[in-house]
Amino acid sequence: MSEHENGFPDNPQWQELKLPQLLFTDTVRELHSTIDNEWNPLQRSACQTAAGRALWKHVVNDPLADLLAGEAYLKTVYEKIKKDRLNNAREISGVILAIRTLWFDSQIEAALNSFNDREAQVVLLGAGMDTRAYRLGCLKDSDVFEVDFPEVLQVKATLIQAAMESRDEQPLLKRTAKSLTRVAADIRENDWLEKLQISGFKPEKKTVWVLEGIIYYLSHTQAMQVLKIIADKRTLVHTVLLADFMNKSSTSLSNSTFIFYSDWPDHLLPSLGFSHVKLSQIGDPDAHFGLMHDPLNLFNKLRSLPRSIQTHPDDGTPCCRLYLVQASGSPNQTIP
């Protein structure tokens, strides 16, 4: 399988995993030891995501990803990619994460452009090891808020500070967003919006809300509460929601840690008050990024089936889908 089919480059530089020296300093080692020994699976998933970005660096520009992922997660994802390449797999490990990252990047920029003046707020709920405030130029006029558990934000801030103070392996690192505010809060609780506003969030200011890789970890009640809070803001100001949803089959697997699902988020969100909703699947024209050329890979095969089908007719396997959804609303909207 060539790189034109599975999205991964076929060249010698990918034969060996090269870890940055900063990972082996005492401070960074201690931080990642804390992650490995004290964080729960939801918190540690942030490092797994960072490892995916790091190992798909040929399409995702994130100079901090290696450091935030840590040695253990980098090696784990690397071995999965290596195995997939040796087996000539049609889907290489991490391709979904790479496409998801690129989709959110592009949609954040498009949303800010839709605001005309770009002076807006971008709220990352369950931000984890997200680094967009340091790598997206489109945020230069935007105030960014990262909401997550206090221990996650503290470790992340310390790791990034270590990178900014190091001059050994990368160019001078600087924030690209106009401002960055970290808000220690649990979006499963009822006080996260209050904590966000205390930290400087302005409800009357145009906002892009980002729920990337998080909503399916919530219970149905928790997820709906978060979505309703965001939807309510469109009565005050132009509001954009960017989120990824899993379908029921994805959360029903025996080893799944996911809870909330929606087979039809493009129906759910208008019922909450959003006037415009666009849904994409991995491999669609706006969720492709040159990484989905093989027509027989899993995602292109799924796209050819009606979304109502939960079991693949060819082999009986569950139709596990990831939906990438953009929704928007404003005070003067008309819901179709």
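Using a distance-only test at 3.5 Å, with no hydrogens or angles considered, a donor-acceptor pair links the side chain of Thr239 to the main chain of Val237. A donor-acceptor pair is defined here as one N or O able to donate and one able to accept, closer than 3.5 Å; such a pair exists between the side chain of Asp84 and the backbone of Ser93. Panel note: side chain Ser114, backbone Ala111; a donor-acceptor pair is recorded below 3.5 Å. In this structure a side-chain-to-backbone donor-acceptor pair under 3.5 Å is present from Asn247 to Cys319. Remark: side-chain polar atoms of Asp244 are not paired, donor with acceptor, to backbone N or O of Arg100 under 3.5 angstrom. Not one N or O on the side chain of Asp284 forms a donor-acceptor pair closer than 3.5 Å with the backbone of Asp286.
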Query raised in the report: Would Arg132 and Asp105 count as a salt bridge (Lys or Arg N to Asp or Glu O under 4.0 Å) if you check the C-alpha gap in whole Å, the side-chain angles of each, and the deciding distance to 0.1 Å?
Result: CA-CA 8 Å; Arg132 290 187 171 92; Asp105 287 354; 2.7 Å; yes
Requested in this report: Could you check Glu146 against Lys156 for salt bridge (Lys or Arg N to Asp or Glu O under 4.0 Å), going step by step and ending with a plain yes or no?
Outcome: CA-CA 11 Å; Glu146 295 182 345; Lys156 175 182 175 181; 2.9 Å; yes
Requested in this report: Assess whether side chain to side chain donor-acceptor pair (under 3.5 Å) is satisfied between Asp62 and Tyr134, documenting all intermediate values.
Outcome: CA-CA 9 Å; Asp62 187 347; Tyr134 295 90; over 6 Å; no
Query raised in the report: Should Ser33 and Asn37 be marked as a side chain to side chain donor-acceptor pair (under 3.5 Å) after you check the CA-CA gap, both sets of side-chain angles, and the distance that decides it?
Result: CA-CA 6 Å; Ser33 177; Asn37 296 318; 3.1 Å; yes
Query raised in the report: Between Arg307 and Asp266, does a salt bridge (Lys or Arg N to Asp or Glu O under 4.0 Å) hold up when you go through it step by step?
Result: CA-CA 12 Å; Arg307 285 165 52 197; Asp266 44 340; 2.9 Å; yes
Query raised in the report: So Asp143 and Lys202, salt bridge (Lys or Arg N to Asp or Glu O under 4.0 Å) or not? Walk me through it.
Result: CA-CA 10 Å; Asp143 299 309; Lys202 298 178 180 178; over 6 Å; no
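By the 6.0 Å and 45° rule, Arg188 does not stack over the aromatic ring of Tyr217.
Shown here is Asn87, whose CG atom has more than 12 heavy atoms of other residues, nucleotides or ligands within 6.0 Å. Within a 6.0 Å radius of OH in Tyr261, other residues, nucleotides and ligands contribute 12 heavy atoms or fewer.
Taking the charged nitrogens against the carboxylate oxygens, Lys75 and Glu71 do have a contact shorter than 4.0 Å, which makes a salt bridge. Classification of Lys57 and Asp66 as a salt-bridged pair holds, one side-chain N sitting under 4.0 Å from a carboxylate O.
Between Trp56 and Val95 there is a side-chain heavy-atom pair separated by less than 4.5 Å.
With rounding to the nearest 0.5 Å, the separation of NZ in Lys233 from CZ in Phe201 is 6.5 Å.
Aromatic ring centres of Phe245 and Tyr323 lie farther apart than the 6.0 Å criterion allows.
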